[in-house]
Amino acid sequence: MAKSTLSASHFGKDFVWGVSTAAFQIEGESLGHGKGPSIWDIFTKKENTIRNGDQADIACDYYHRYEEDILLMKSMNIKNFRFSISWTRILPNGIGTVNEQGIAFYKKVIACCLEHSIEPWVTLYHWDLPQALEDKGGWANRKIIDWFTEFTTVCAMAFGDQVKHWMVLNEPMVFTGAGYFLGVHAPGKKGLKNFLPAVHHVVLCQAMGAKILKRLVPNALIGTTFSCSQISAYRNTKRDRHAAVKADALLNRLFIEPALGLGYPISDAPVLKRLRPFIQPNDMNDCKFNFDFIGLQNYTREKVKHSFFVPYLHAKIVKASKRNVKTTLMDWEVYPPSIFHIIEKFSAYSQIKKIFITENGAAFKDVVKNGNVDDQQRLQFLQDHILQVHKAQQSGLNVHGYFIWTLTDNFEWAEGYHARFGLVHIDFKSLRRTIKTSGKWFAQFLEK
Ligand code: FCB
């Protein structure tokens, strides 16, 4: 049985508490109401891309049930709601004609949040690139800078008067790494030849999007988010330590350091020298932006070893399943000190104004029994991580908020509906929502 006496009040009244979601994972209505296809709509239809062949055409049906979910949040004392905007709901072809129904939908969502005193935190891009733009090369085509400018401008003009917290991107390392290098996420591309140009164009769009938002919504706070984990050597050998430094440069530093004006971490990850052909004269200046806040997203830690057989990198993550440690359903190690470590690591960048944890959470096998989901493992996971965040705050580190991933169970990308991360259970047949034990606990934690 989990025990924790900590409550939200111990963090002070200005500390921000919330939940995070993403459009593709919850909305459904995938091609209705004027929405165009995104790379995820196309990728999920391909064979052997998603566990059990699960589809997201309906997902949580949030497009039709957003009000119910916002009321759920209200009943759980959740005051901050992070969600993303589906690019193809706004611009079905990525650029050009605007779908007014899409604009109207997000306006209703935002109005509903505000009516119930819930602050909207909007992510512009949470992985669902328009397929029409992917057909022209997607993130690997430098023209994406113009396309992303157009999307950002439409969103800023449509929602800027109501939305005061914006995040440009969600986890650039994951969508470029999984989508353009490993091919396990949409659009399913592989290899350095796709990955490297995508990385550089993402880094440019990250700053470009932020500058547009700052100009069009001057009184808003502009951030962006990064996936990050504590990374250390598998064995205490020189070669493994070296491999860990390299992996850290790629997984934790690649996207933040150019924004801070530090350039790419080439000396620790020499493979990044291969970015040079894509870098034009003013680029390293253009990719700088002084963000109002940085969102960090942490789920686990990684152990890395030297591997002769991995081309270019010679470094390899040793899976948690091979390390005899406690894991979640995603096979990610449960290691709460990792979140303290990443807050400490990013607090050391003096240029970062404020850090929010914009995602943290866990998938476990949930069982519905007599209409209840008694998810003790998730409860323990959350309490242990929140305790580490508290320790970080008490140590004077630069952390100012914490968002749980996620409100309701949803479509977990390549894992489909198998991995449930929600504070609220969804029966994907009836779409009925049931607050889990962890959700009930969070509601009380926030009240005290
Ligand atoms: C993060 C993603 C989010 C969700 C969680 C489990 O990497 O940002 O959409 O899939 O992992």
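Source: prediction; values computed, not measured. Counting convention: from 1, in listed order, for ligands and their atoms alike.
- Nearest non-hydrogen protein atom to atom 8 (O) of ligand 1 is Asn170 ND2, 2.9 Å.
- For Asp135 and Gln131, the side-chain atoms include at least one donor-acceptor pair closer than 3.5 Å.
- When only modelled atom types and interatomic distance are considered, Thr358 and Gln297 share a side-chain donor-acceptor pair under 3.5 Å.
- Scanning the protein heavy atoms around atom 7 (O) of ligand 1, the nearest turns out to be Glu171 OE1, 2.5 Å.
- By the 4.0 Å heavy-atom criterion, His126 is counted among the residues contacting ligand 1.
- With ligand atoms numbered from 1 in the order given, ligand 1 contributes 3 (C), 4 (C), 9 (O), 10 (O) to contacts under 4.0 Å with heavy atoms of Trp413.
- A heavy-atom separation below 4.0 Å is not found between Val174 and ligand 1.
- For atom 1 (C) of ligand 1, the closest non-hydrogen atom of the protein is Glu359 OE1, 3.2 Å.
- Atoms of ligand 1 lying under 4.0 Å from at least one heavy atom of Phe421, given by number and element, are 6 (C).
- Regarding atom 5 (C) of ligand 1, its nearest protein heavy-atom neighbour is Tyr299 OH, 3.2 Å.
- Within a 6.0 Å radius of NZ in Lys316, no more than 12 heavy atoms belonging to other residues, nucleotides or ligands are found.
- Inclusion of Trp405 in the set of residues having an N or O under 3.5 Å from an N or O of ligand 1 is not warranted.
- Compare Gln297, His185, Gln25 by their heavy atoms: the one nearest to atom 9 (O) of ligand 1 is in Gln25.
- The shortest N or O to N or O distance between Trp127 and ligand 1 is not under 3.5 Å.
- In summary, the side chains of Gln230 and Glu302 do not present any donor paired with an acceptor at a separation below 3.5 Å, with no hydrogens or angles considered.
- Side chains of Glu359 and Tyr299: a donor-acceptor N/O pair is present below 3.5 angstrom, by distance only.
- Tested against Asn298 for a side chain to side chain contact (heavy atoms under 4.5 Å, CB included), the candidates Pro336, Ser338, Ser227 yield a single pass: Ser338.
- With hydrogens and angles left out, the side-chain atoms of Lys303 and Ser232 include a donor and acceptor closer than 3.5 Å.
- Counted by atom type alone, Glu257 and Tyr349 present one or more donor-acceptor pairs between their side chains at under 3.5 Å.
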